[in-house]
Amino acid sequence: MNIQQLRKDTPGCEHVLHFNNAGAALPPQQVTSAIKNHLDLESLQGGYEAANMASATTDRFYQSAATLINCTPKEIAFIDNATRAWDMAFYSLSFNKGDKILTAHSEYASNYLALLHRARQLGLTIEVVANDASGQIDLVDLTNKMTKEVKLIAITHVPSQGGLVNPAQAVGEIARQHGVTYLLDATQSIGQMPVDVQAIGCDFLCATGRKFLRGPRGTGFLYARQSIIKDCNPPFIDLHSATWVEDNSYVLQASAQRFETWEQNIAAKIGLTVAIEYALTQGMTQIWARIQKLATSLRQQLAEIPGITIRDLGQEQCGIVTFNADNKSTAEIQQYLRTKHINVSLSLPEYARLDLVKRQISSLVRASVHYYNTEEEVETFCQAIKTCICEL
Ligand SMILES: *Cc1c(COP(=O)(O)O)cnc(C)c1O
């Protein structure tokens with residue numbers, strides 16, 4: 001990878017040391033210009049007319065997303081964010097009283113809230129699969145919990161709050177053996193590592209634009225396997241997801257577009273298309289190797305600082321690095337780093353109660369690296385952490 005060129009493409013690199021890629025990555029200027037150009041076109045030509053002029057690009061969105069995760073364009077829906085994408089899949093499924101849903105300790109708060117919501121409405125049971133010794137989902141416990149009541153496995157591939165990578169493919173094999181629907185939250189893995197829905201074997205997958213894909217905020221997508229779409233009854237429909245064929249009847253779209261709405265942020269959809277194409281040009285294997293190298297280096301150097309504890313779980317770890325300091329709160333660290341133009345996030349129990357409360361963690365500093373970050377930035381970052389925790 002030509003890191004110098006990639007950084008030149010990324011104007012934000014001149015202003016900040018950005019280790020908040022799991023929050024929202026810095027976009028390449030190709031993405032930002034595509035969005036701005038379309039907004040200009042809308043202002044000069046009219047929104048509908050501009051959309052027609054840009055239809056070749058917005059059509060390309062489906063092919064690009066399909067190439068990224070190895071599916072067909074008809075299995076992709078453009079949705080405002082990963083949460084809504086996940087919801088559209090989940091709330092499309094029919095359950096009966098007494099049905100069981102399996103999830104994992106690392107599950108994202110919004111997903112778990114939706115599980116609770118429907119469990120209350122419909123009388124469902126939620127069971128949380130144990131972690132194994134490394135902290136990833138325990139495949140033996142999952143297998144043991146696969147009773148005939150289980151109708152859905154819903155897990156998160158890479159949690160928001162740490163370096164863990166759950167064994168999504170092994171979970172997929174178990175789901176397939178039992179013929180159980182599998183909904184995977186890939187919000188943090190898409191754009192960070194190769195994700196192949198055929199290899200993983202999931203029925204649904206949700207993704208967001210702004211994180212490792214480096215796309216605009218307010219974008220995301222849903223993958224729905226062709227064989228499951230016909231059984232999905234979306235919670236909301238409109239004149240795009242369905243056709244009003246007679247006064248009293250309608251037909252749902254046969255493709256994943258049954259999960260979409262007619263009105264879309266076209267500029268943002270173009271921005272997301274360009275972001276996906278930019279990632280494909282770099283190559284997901286190359287991106288993943290570079291992120292792992294930088295993250296390993298960051299973990300090693302942080303671990304050498306007295307008073308710093310790394311908190312990441314799992315056998316396989318990704319570009320999200322979480323830690324605590326003995327003598328400084330996470331908020332103090334974040335504030336200090338901010339004065340040095342270094343960006344990180346904090347992970348709090350309300351984002352992932354089952355994980356963080358169980359581990360008795362009240363807050364974590366989350367430093368998440370991307371391929372456009374550098375070894376020099378890792379060193380600068382660790383130096384800043386040293387200075388911060390030595391200050392009285
Ligand atoms: C950020 C995140 C989400 C939510 O994504 P949005 O696009 O903000 O809806 C869901 N799951 C995980 C694991 C996340 O990190």
Side-chain angles (χ1 to χ4, degrees), residues 19-25 27 65 69 76-91 103-117 128 135-137 153-168 171 182-193 195 200 202 204-223 259-261 264-265 268-269 271-272 275-276 291 311-314 317-322 343-356 364-370:
F19 281 4
N20 193 13
N21 294 290
I69 62 170
I76 298 286
F78 176 74
I79 299 185
D80 297 354
N81 53 67
T83 304
R84 222 20 123 236
W86 191 99
D87 286 340
M88 286 306 285
F90 176 60
Y91 285 86
T103 187
H105 280 277
S106 53
E107 196 60 8
Y108 188 67
S110 298
N111 302 347
Y112 200 82
L113 288 168
L115 296 181
L116 286 174
H117 185 226
V128 183
Q136 66 179 27
I137 185 171
I153 300 174
I155 66 156
T156 294
H157 194 188
V158 167
S160 174
Q161 69 281 3
L164 169 74
V165 183
N166 267 316
V171 171
Y182 178 19
L183 165 53
L184 183 67
D185 179 341
T187 309
Q188 292 291 1
S189 47
I190 290 286
Q192 184 177 183
M193 62 189 72
V195 172
I200 290 174
C202 54
F204 300 104
L205 171 150
C206 72
T208 203
R210 72 179 184 282
K211 296 180 179 175
F212 285 91
L213 273 179
R214 310 181 67 197
R217 297 200 65 173
T219 61
F221 66 84
L222 174 68
Y223 156 77
F259 301 106
E260 293 186 342
T261 51
Q264 301 182 352
N265 185 334
K269 191 176 190 180
L272 179 57
I276 294 172
I291 289 176
R311 300 288 195 185
D312 298 319
L313 304 175
Q317 297 188 332
C318 69
I320 302 178
V321 178
T322 54
N343 298 339
V344 293
S345 276
L346 304 185
S347 291
L348 305 172
E350 54 261 43
Y351 309 156
R353 277 190 68 85
L354 299 182
D355 178 15
L356 298 183
L364 292 170
V365 181
R366 182 183 70 177
S368 44
V369 297
H370 216 321

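In each ligand, atom 1 is the first atom listed, and ligand 1 is the first ligand listed.
- Side-chain atoms of C318 and I291, non-hydrogen and from C-beta on, never get closer than 4.5 Å to each other.
- Put simply, the residue from I276, L205, V158 that forms a side chain to side chain contact (heavy atoms under 4.5 Å, CB included) with I190 is L205.
- Just one residue in the list L354, L164, L356, N166 forms a side chain to side chain contact (heavy atoms under 4.5 Å, CB included) with H105, and that residue is L354.
- Protein residues having a heavy atom under 4.0 Å from any atom of ligand 1 are N81, A82, T83, Y108, T156, V158, S160, D185, T187, Q188, T208, R210, K211, listed by chain and number.
- At a threshold of 4.5 Å between non-hydrogen side-chain atoms, the residues N20 and R366 count as touching.
- Every residue meeting the side-chain hydrogen bond (donor to acceptor under 3.5 Å, both in side chains) condition with H157, not counting sequence neighbours, appears here in chain and number order: S189.
- Separation of atoms CD (Q188) and CE (M193) is listed at 9.5 Å; rounding is to 0.5 Å.
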